[in-house]
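For reference, the structure is listed below as C-alpha cells.
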Amino acid sequence: MYDRLGDLLSKTLEDGFVKIISNERISREKEELEKINFEKEAEEERQQLHEEIAQRLKSKKLQEEKRRKAKTSTIIKHLSPELERAYRLLNITYGASAEEIKKAYRDRLMYFHPDKHKDSPVLQKVANDKTRQILEAYDLIVKNL
C-alpha cells in the first residue's frame with residue numbers, strides 16, 4: 001500500500017500538479033513582505049510626524065494671533081489725578097481685576113481700622129481719616145471700572 005502511495009506521489013510531482021517551493025523562494029518572499037511592511041510602517045510614521053508638525057504650527061499661529069490681538073486691543077486710558085491717588089491708596093495697579101481691588105480694599109480697611117487704636121486718640125483720628133479716604137477711593141475705582 002505504501003509503495004503504491006509513493007508511486008502516486010512521484011507521478012503527481014512529475015506531472016506538475018503539486019508545486020514544489022524551495023526554501024530559498026520562501027525566504028525571498030518573506031524578505032519582500034518584511035520590506036513592504038517596513039515601508040508601510042515608515043510611511044505611517046511620516047504621516048504622523050507631518051500631522052504633529054501641522055498641529056504645532058497651527059497652535060503657534062493661534063498663540064501669535066492671540067498675542068497680536070491682545071497688544072492691539074489694549075487701550076491706554078489716561079487716569080485723572082484723583083483716580084491715580086485712589087489706586088495708590090489701595091496699593092494696586094491700574095490693570096487690577098475686580099477681585100484684586102476688593103481684596104486690597106478689605107486689607108487696607110483692616111490695617112487702618114479705628115477700633116485697633118482705641119488707646120490713642122491721635123492714632124484713632126488718623127485711622128478715621130484713612131478709613132474715609134479708603135472708602136472714597138474704592139467707590140471712585142468701582143465707578144470707573
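Residue indices begin at 1 and follow the sequence shown.
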Got a second to check how far [X]'s [atom1] is from [Y]'s [atom2], nearest 0.5 Å?
X      : Y      : atom1 : atom2 : value
Glu41  : Glu34  : CD    : CD    : 10.5 Å
Ile36  : Glu31  : CD1   : CD    : 12.0 Å
His113 : Arg108 : NE2   : CZ    : 15.0 Å
Gln133 : Asp129 : CD    : CG    : 6.5 Å
Asn37  : Lys35  : CG    : NZ    : 12.5 Å
Arg85  : Leu140 : CZ    : CG    : 10.0 Å

Open item on the list: Has Lys130 got a side-chain atom pairing as donor or acceptor with Leu109's backbone, closer than 3.5 angstrom?
Closed with: no
Distance-minimising heavy-atom pair for [X] and [Y]:
X      : Y      : answer
Phe112 : Ile134 : CD1-CD1, 3.7 Å
His117 : Gln124 : O-CB, 3.5 Å
Leu90  : Tyr138 : CD1-CA, 4.3 Å
Thr131 : Pro114 : OG1-CD, 3.6 Å
Ala137 : Leu89  : CB-CD2, 3.9 Å

Task: side chain to side chain contact (heavy atoms under 4.5 Å, CB included) evaluation trace for Tyr87 with Leu83 - done: CA-CA 6 Å; Tyr87 276 100; Leu83 201 54; 3.7 Å; yes
Open item on the list: Using the rule side-chain contact (heavy atoms from CB on, under 4.5 Å), only one of Glu100, Glu99, Arg106 pairs with Lys102; which is it?
Closed with: Arg106
Task: Arg132 and Glu136 ion-paired at < 4.0 Å - done: yes
Open item on the list: Salt bridge or not between Glu43 and Arg46? Use side-chain N to carboxylate O under 4.0 Å.
Closed with: yes
Open item on the list: Assigning hydrophobic clusters by single linkage (Ile, Leu, Val, Met, Phe, Trp, Tyr; side-chain heavy-atom cutoff under 4.5 Å), is Leu135 placed with Ile101?
Closed with: yes
Open item on the list: One pair to check against side chain to side chain contact (heavy atoms under 4.5 Å, CB included): Ile141 and Ile92. What are the steps and the verdict?
Closed with: CA-CA 11 Å; Ile141 290 172; Ile92 54 176; 4.3 Å; yes
